[in-house]
2 protein chains.
Amino acid sequence: MLGTEKIRYSFLVILLQRWSSALTDESITNALIARLRTTSALDDHDVQAVQSLPVVVKHYQPGQAIVRDGDRPAECCLISKGFCVRSKMTSNGRRQILSIYIPGDIPDLQSLHLNVLDHDLITLTECTLGFISHVFLREITRRRPNVAEIFWRDTLIDAAMFRDWIVNVGQRPAPSRLAHIVVELRERLKVIGQVQGAWFEMPLTQEQIGEAMGITPVHANRIVKQLRDDNVLEFHRGSVRVIDEQKLLELADFDGLYLHQRPSL
Amino acid sequence: MLGTEKIRYSFLVILLQRWSSALTDESITNALIARLRTTSALDDHDVQAVQSLPVVVKHYQPGQAIVRDGDRPAECCLISKGFCVRSKMTSNGRRQILSIYIPGDIPDLQSLHLNVLDHDLITLTECTLGFISHVFLREITRRRPNVAEIFWRDTLIDAAMFRDWIVNVGQRPAPSRLAHIVVELRERLKVIGQVQGAWFEMPLTQEQIGEAMGITPVHANRIVKQLRDDNVLEFHRGSVRVIDEQKLLELADFDGLYLHQRPSL
DNA sequence: CGCGGCCTTGAGTCACATCAAGAGACGTGG
DNA sequence: CCACGTCTCTTGATGTGACTCAAGGCCGCG
């Protein structure tokens, strides 16, 4: 689904289907502020400064590339609605998913100080994205060191998630890998109020689940089936239901410390 | 070698064997400046500011923990001499090495804004480390936004290396993984002038090589043997010699872009 | 109705893990 | 100077998790 063919096609779709509004969209920066509050302490001045950032809103279809390996973006993108993944290809055509992004995340904040992108950023679902120019971000971080530190911290949490992802892919057996990814996603969705009861969204195809775990789609299918047959999880239409919380946590070997979800951590 | 037993023993060794000098050590900050110059553009004021940072120098034995999972460090450490690894354990006692650090690196710069450490930092060889208090680092980054951005950028490069490490562990067959790690290390050592001819230092035991690749020590041994038998690499006393550059690069699937070794990248 | 994504399942193979045993290097103490 | 213990490296036999190839089924959509 994320193959080259499809992406070439998607490029036309971008031109045809995405429409944009160049207004400062308060509801979008509010999502950002909510997100930053969970990980850092913001004062009123910081909030005002962030809210005053000019945002360009764009809508994307599922499976579109937002930015690509080798790009030199001039803006950062804030997810207001929808899910994205960051991924990287090897020369023999295998794709590795590096992280999953949810509303409130700024997946490419790093491009502010790293000029060339070393990976792809792709939408999983329909997305509403807010783009903020590097010019304004640099200006705000120069003028308000506190905001700079909050953004810096955000990229550091990103890095902490990568470290955890390495351990997951490198050391755990496949069923644990899947459980771990599921629990991590759920913890992050909880913070933005997107978990209702035992259900939450995880809009990955089994092929993408495989790409996240570092295994083939066929084997990913077997692992998903195994967790379903063992009454641990239920997958349905891009959503997940936790059936056996106990077993899930045992498998996942999850310690949420690395998410640094409280400012003091 | 990195087991709990050994580390408990090492703790005594720290008390007995490390001696410290609380002077501002110019030769140490010079290593840092050399390192930062390769990735970022520094002006004279930045250099002066960095050189004026008070540094506490300490010496470590091989296999000692510098900081541990769960610590809340109050200082960052700069490697002046020697090699370190960052690693993380799973609950079933398996260790994953996340990155290898060489002279000029600041492996835990992230602790400046992430209070709780989510991994271990361990010396591989005898090390000379310079410790810089968070207080001074915060002060310099507040006073000089340019220095803040350079340090920020440094942590972003760290994150880029993690991303690449995920791909390596997740997608490549074991011989390629090893080749990739070897080439990455060599490229970084080149920049600090630590590659003489075909030889360079890679002071990992085969067990640690396995921990870096996400495989067992026994299998790591077979992979090392395979690359030796295929006349690609020669390992001897913690050093590596490249025999067949061509084959090595083919295996490694290495694109150094993610190291961002030039300020414009 | 037919097509294209996506999911599912089986059979055979291969990469890597596990278990087990031994050999070389090195430091330490007798 | 030798004996011993501890790391580290090495190798074989055997088991298993994951890959590959292949085929078929489900479902939404034009």
Side-chain angles (χ1 to χ4, degrees), chain A residues 1-7 9-10 13 61-63 90 92-96 124-125 168-178 202-229 233-240 251, chain B residues 1-10 13 61-63 90 92-96 124-126 168-178 202-229 233-240 251:
Chain A
M1 182 217 173
L2 296 174
T4 342
E5 301 283 318
K6 181 57 170 287
I7 285 166
Y9 171 68
S10 298
V13 179
Q61 294 300 112
T90 62
N92 55 30
R94 296 176 64 101
R95 180 187 301 274
Q96 174 70 45
L124 287 174
T125 62
N168 199 40
V169 163
Q171 297 296 344
R172 282 190 265 263
S176 289
R177 281 186 220 181
L178 179 51
M202 178 163 159
L204 305 193
T205 65
Q206 289 189 358
E207 181 175 12
Q208 290 161 344
I209 290 174
E211 287 167 353
M213 296 199 286
I215 62 178
T216 56
V218 177
H219 197 58
N221 174 276
R222 295 191 220 267
I223 301 300
V224 166
K225 176 181 161 59
Q226 184 186 324
L227 291 199
R228 189 169 45 225
D229 292 350
L233 293 174
E234 181 187 344
F235 293 81
H236 187 62
R237 295 172 152 275
S239 285
V240 181
L251 269 177
Chain B
M1 186 221 167
L2 296 174
T4 341
E5 301 285 317
K6 180 57 170 286
I7 284 166
R8 234 179 256 134
Y9 172 67
S10 296
V13 179
Q61 294 299 111
T90 63
N92 55 31
R94 296 175 64 99
R95 179 187 304 273
Q96 173 69 48
L124 287 175
T125 62
E126 258 187 65
N168 199 40
V169 164
Q171 297 296 343
R172 283 190 263 264
S176 290
R177 281 187 221 181
L178 180 51
M202 178 163 159
L204 305 193
T205 64
Q206 290 187 358
E207 181 175 11
Q208 290 161 344
I209 290 175
E211 287 168 351
M213 296 200 285
I215 63 178
T216 55
V218 177
H219 197 59
N221 174 275
R222 294 192 220 268
I223 300 301
V224 166
K225 177 182 161 60
Q226 184 186 323
L227 292 199
R228 189 170 44 224
D229 291 350
L233 293 174
E234 180 187 346
F235 293 81
H236 187 62
R237 294 175 152 275
S239 286
V240 181
L251 269 177

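The figures that follow rest on heavy atoms only: side chains count, while hydrogens, waters and symmetry mates do not. Note that the structure is a prediction, hence the values are computed from the model and not measured. Residue numbering restarts at 1 for every chain, and letters A, B, ... go by the order of the sequence lines.
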Student: Using OP1 and OP2 only, check whether a side-chain N or O of B:Thr216 sits under 4.0 Å from C:dC16.
Tutor: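 Answer is no, no contact under 4.0 Å.
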Student: Write down the distance between CZ (B:Arg172) and C1' (D:dA18), rounded to a whole number of angstrom.
Tutor: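 My rounded result for the distance is 19 Å.
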Student: Answer yes or no: does a side-chain N or O of A:Arg228 lie under 4.0 Å from OP1 or OP2 of C:dT8?
Tutor: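 Yes, within the criterion.
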Student: Considering all heavy atoms of both residues, which atom of A:Leu124 and which atom of A:Pro62 are nearest to each other, and what is their separation?
Tutor: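 Answer, listing the atom of A:Leu124 first, then A:Pro62: O-CB, 3.5 Å.
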Student: Just to verify, which of A:Met213, A:Glu207, A:Glu211 counts as forming a side chain to side chain contact (heavy atoms under 4.5 Å, CB included) with A:Ile209?
Tutor: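 Of the listed residues A:Met213, A:Glu207, A:Glu211, the side chain to side chain contact (heavy atoms under 4.5 Å, CB included) partner of A:Ile209 is A:Met213.
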Student: Which whole-number value in Å describes the distance from A:His236 NE2 to C:dC7 P?
Tutor: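 About 12 Å, once rounded to whole Å.
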Student: According to a strict under-4.0 Å criterion, is B:Arg222 in side-chain N/O contact with OP1 or OP2 of C:dT18?
Tutor: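 So the side-chain polar atoms of B:Arg222 never come under 4.0 Å of the phosphate oxygens OP1 or OP2 of C:dT18.
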Student: What is the distance, to the nearest angstrom, from the CD atom on A:Gln206 to the P atom on D:dC19?
Tutor: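 It is 14 Å, rounded to the nearest whole Å.
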Student: Would you please confirm or rule out a distance under 4.0 Å between OP1 or OP2 of C:dT8 and any side-chain N or O of A:Asn221?
Tutor: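 So the side-chain polar atoms of A:Asn221 do come within 4.0 Å of the phosphate oxygens OP1 or OP2 of C:dT8, strictly under.
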Student: Output the rounded distance in Å from CG (B:Asn92) to C1' (C:dA17).
Tutor: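 Answer to the nearest Å: 13 Å.
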Student: Phosphate oxygens OP1/OP2 of D:dG28: is one of them under 4.0 Å from a side-chain N or O of A:Arg237?
Tutor: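 The answer is yes; a side-chain N or O of A:Arg237 sits under 4.0 Å from OP1 or OP2.
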Student: Mind calculating the distance between CE (B:Met213) and C1' (C:dC16) to the nearest angstrom?
Tutor: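 From B:Met213 CE to C:dC16 C1': 11 Å.
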Student: To the nearest Å, how far apart are B:Ile223 CD1 and C:dA15 P?
Tutor: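 Atom-to-atom, B:Ile223 to C:dA15, this comes out as 9 Å.
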Student: Look at all strands and tell whether B:Val218 reaches a base, only sugar-phosphate, or nothing, counting heavy atoms closer than 4.0 Å.
Tutor: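 Base contact.
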Student: OP1 or OP2 of C:dT8 sitting under 4.0 Å from any side-chain N/O of A:Lys225?
Tutor: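 No.
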Student: Keeping A:Gln171 on the side-chain end and B:Arg95 on the backbone end, is there a donor-acceptor pair under 3.5 Å?
Tutor: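 Yes; judged by distance alone, with no hydrogens or angles, the pair exists.
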Student: Could you tell me whether a side-chain N or O of A:Gln96 sits under 3.5 Å from a main-chain N or O of A:Ala212, the two making a donor and an acceptor?
Tutor: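 The answer is yes, because a donor-acceptor pair under 3.5 Å joins these two groups.
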Student: Using whole Å, what does the distance between atom P of nucleotide C:dT18 and atom CD1 of B:Ile215 come to?
Tutor: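 In whole Å, C:dT18 P lies 12 Å from B:Ile215 CD1.
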Student: Between atom NE2 in A:His219 and atom C1' in C:dG10, what is the gap in whole Å?
Tutor: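 Spelled out: NE2 on A:His219 to C1' on C:dG10 is 15 Å.
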Student: Which heavy atom of B:Ala174 sits nearest to which heavy atom of B:Ile215, and what is that distance?
Tutor: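 So the minimum-distance heavy-atom pair works out to CB-CD1, 4.4 Å.
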